[in-house]
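In this text, all values refer to a predicted model and were calculated from it rather than measured experimentally.
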Amino acid sequence: MDLLQVIVLALIQGITEFLPVSSSAHLILPSQVLGWPDQGLAFDVAVHVGTLCAVILYFRRDLAAVAGGWLGQLRGAAATPESRLGWAVLLGSVPTLAAGYLLQAHGAVLLRSALVIGLATIVFAILLQWADWKGARRAVLEDMGWRTVCVVAFAQVFALIPGTSRSGVTITAGLAMGLTREAAARFSFLLSIPVILGAGSLKGVEMVQSGSGADWLAAGLGAVIAGVSAFLCIRWFLAFVQHAGMLPFTIYRLLLGSALIGLALTSG
């Protein structure tokens, strides 16, 4: 990859990993429009590591409190809001990790055509806006019950469909269950940690098994760019969404999905 490709793809991964706009929809554009080749497994692993470091760094205090409460409960202490949140993140990640592993193990390939991604981008954009309008938006993370955790957890499985957006579908489910915009976004970001770790690990194993060479300079630069952009994106999004809501992202997704469908129809 040349320098421009490294920068663009790393920025796309870093920003779209946490915004509800679908990374699949954005990553297909450079290959379809510019004819860029696949970036390779090493680069994929590197940008996943970058975004994982970003979310861990941003939520380091929350994660320390959650780990302390969770470990304390394992030692016999009473349950706390932090320990319950720890269980929610762990158990809430199981359906997606299990589904992703089964797809990988059985060699299943979900169609990643521009048409499918465009349609998914539009459909889940409409659901996101519906949840933002209809949700009660009163519950904070401390109020989150197991019913909400289960709904968000199983909604996250739909993120395996290209074009859905992992953050988008989990925020949609959280809003539909009455969480505030900030609470839905924070839970979505915390849920991303096991999922990104699992996806990165699978890609890492695949890279080792394939024995393919790696451009470590491009991978390292990609990890840094993805990590920095993801960190800034999380901070911006949590502040922006509280007063602006989801409408700007819905409009953007509708336009993006329409463009992808148009691209698929004209190129076909």
Does the Arg166 side chain pair with the main chain of Glu17, one donor and one acceptor, at a distance under 3.5 Å?
no
Is atom CZ of Phe158 surrounded by more than 12 heavy atoms (other residues, nucleotides or ligands) closer than 6.0 Å?
no
Assigning hydrophobic clusters by single linkage (Ile, Leu, Val, Met, Phe, Trp, Tyr; side-chain heavy-atom cutoff under 4.5 Å), is Val140 placed with Val151?
no
Thr80 versus Trp70: any side-chain heavy-atom pair under 4.5 Å?
no
side-chain contact (heavy atoms from CB on, under 4.5 Å) between Leu9 and Phe43, worked out:
CA-CA 9 Å; Leu9 293 178; Phe43 189 82; 3.8 Å; yes
Considering only heavy atoms from C-beta outward, does the side chain of Ser83 approach that of Val66 to under 4.5 Å?
no
Do Leu191 and Met177 share a hydrophobic cluster, counting only Ile, Leu, Val, Met, Phe, Trp and Tyr and linking them when any side-chain heavy atoms are less than 4.5 Å apart?
no
Kindly work out whether a path of hydrophobic side-chain contacts (I/L/V/M/F/W/Y, heavy atoms less than 4.5 Å apart) joins Leu4 to Ile225.
yes
Ignoring hydrogens and angles, tell me if any N or O in the side chain of Asp132 forms a donor-acceptor pair with the backbone of Gly245 under 3.5 Å.
no
When you look at Leu256 and His26, which way does the side-chain contact (heavy atoms from CB on, under 4.5 Å) test go after all the steps?
CA-CA 9 Å; Leu256 177 62; His26 289 80; 3.3 Å; yes
Any heavy-atom pair between the side chains of Trp87 and Val149 that's under 4.5 Å?
no
Please check: side-chain N/O of Thr148 versus main-chain N/O of Met144, any donor-acceptor pairing under 3.5 Å?
no
Please step through ring pair (Phe, Tyr, Trp, His ring centres under 6.0 Å) for the pair Phe189 and Phe18, ending with a clear verdict.
CA-CA 7 Å; Phe189 294 159; Phe18 298 109; 5.5 Å; yes
Which pair of heavy atoms, one from Val47 and one from Asp44, lies closest together, and at what distance?
CG2-O, 3.3 Å
Does Trp236 share a hydrophobic cluster with Val241, counting links as ILVMFWY side-chain heavy atoms below 4.5 Å and allowing steps through other members?
yes
Any side-chain heavy-atom pair from Ile193 and Leu197 closer than 4.5 angstrom?
no
Within the distance-only criterion (no hydrogens, no angle test), does the side chain of Gln129 pair as donor or acceptor with the backbone N or O of Leu247 below 3.5 angstrom?
yes
Check whether Phe240 and Phe187 end up in the same hydrophobic cluster, where Ile, Leu, Val, Met, Phe, Trp and Tyr are linked by side-chain heavy atoms less than 4.5 Å apart.
yes
Heavy-atom closest contact (Ala54 atom, Ala230 atom, distance):
CB-CB, 3.7 Å
Donor-acceptor pair, Arg253 side chain versus Pro20 backbone, under 3.5 Å?
yes
Nearest heavy-atom approach of Leu160 to Thr96 is CD1-O, 4.4 Å
Would you say that Ile261 contacts Ile122 through its side chain, given a criterion of any heavy-atom pair below 4.5 Å between the two side chains?
yes
Looking at Phe59, I'd like to know if its CZ atom is crowded, meaning that more than 12 non-hydrogen atoms belonging to other residues, nucleotides or ligands lie closer than 6.0 Å.
yes
Between the main-chain N or O of Thr170 and the side-chain N or O of Ser188, is there a donor-acceptor pair closer than 3.5 Å?
no
Looking only at heavy atoms, what is the nearest atom pair of Val55 and Ser192, with distance?
CG2-OG, 3.9 Å
Do Asp143 and Arg138 pass the salt bridge (charged side-chain N to carboxylate O under 4.0 Å, His left out) test, and can you show the C-alpha distance, the side-chain angles, and the key distance before you say yes or no?
CA-CA 9 Å; Asp143 302 326; Arg138 288 193 294 265; over 6 Å; no
side-chain contact (heavy atoms from CB on, under 4.5 Å) assessment of Ile171 paired with Met246:
CA-CA 10 Å; Ile171 291 172; Met246 299 298 165; 3.5 Å; yes
Assess whether side-chain contact (heavy atoms from CB on, under 4.5 Å) is satisfied between Thr51 and Gln13, documenting all intermediate values.
CA-CA 8 Å; Thr51 53; Gln13 179 65 36; 4.3 Å; yes
First locate atom CD1 of Ile234, then atom OG of Ser167, and finally report the distance between them rounded to the nearest 0.5 Å.
10.0 Å
Would you say Leu221 and Leu3 make side-chain contact, with heavy atoms under 4.5 Å?
yes
Heavy-atom distance under 4.5 Å between the side chains of Ile126 and Thr250, does that happen here?
no
Side chains of Ser22 and Ser165: any donor to acceptor distance under 3.5 Å?
no
Is the distance from the ring center of Phe249 to that of Phe237 below 6.0 Å?
yes
All heavy atoms of Gln156 vs all of Val195, minimum pair found to be OE1-CG2, 3.5 Å
If I take atom CG from residue Leu260 and atom CG from residue Leu255, how far apart are they, to the nearest 0.5 angstrom?
11.0 Å
Quick one: are Thr121 and Leu254 in side-chain contact, heavy atoms under 4.5 Å?
no
Would you compute the distance between atom OG1 of Thr164 and atom CD1 of Ile117 and round it to the nearest 0.5 angstrom?
9.5 Å
Would you name the heavy atoms of Pro194 and Leu97 that are closest together and state the gap between them?
O-CD2, 3.6 Å
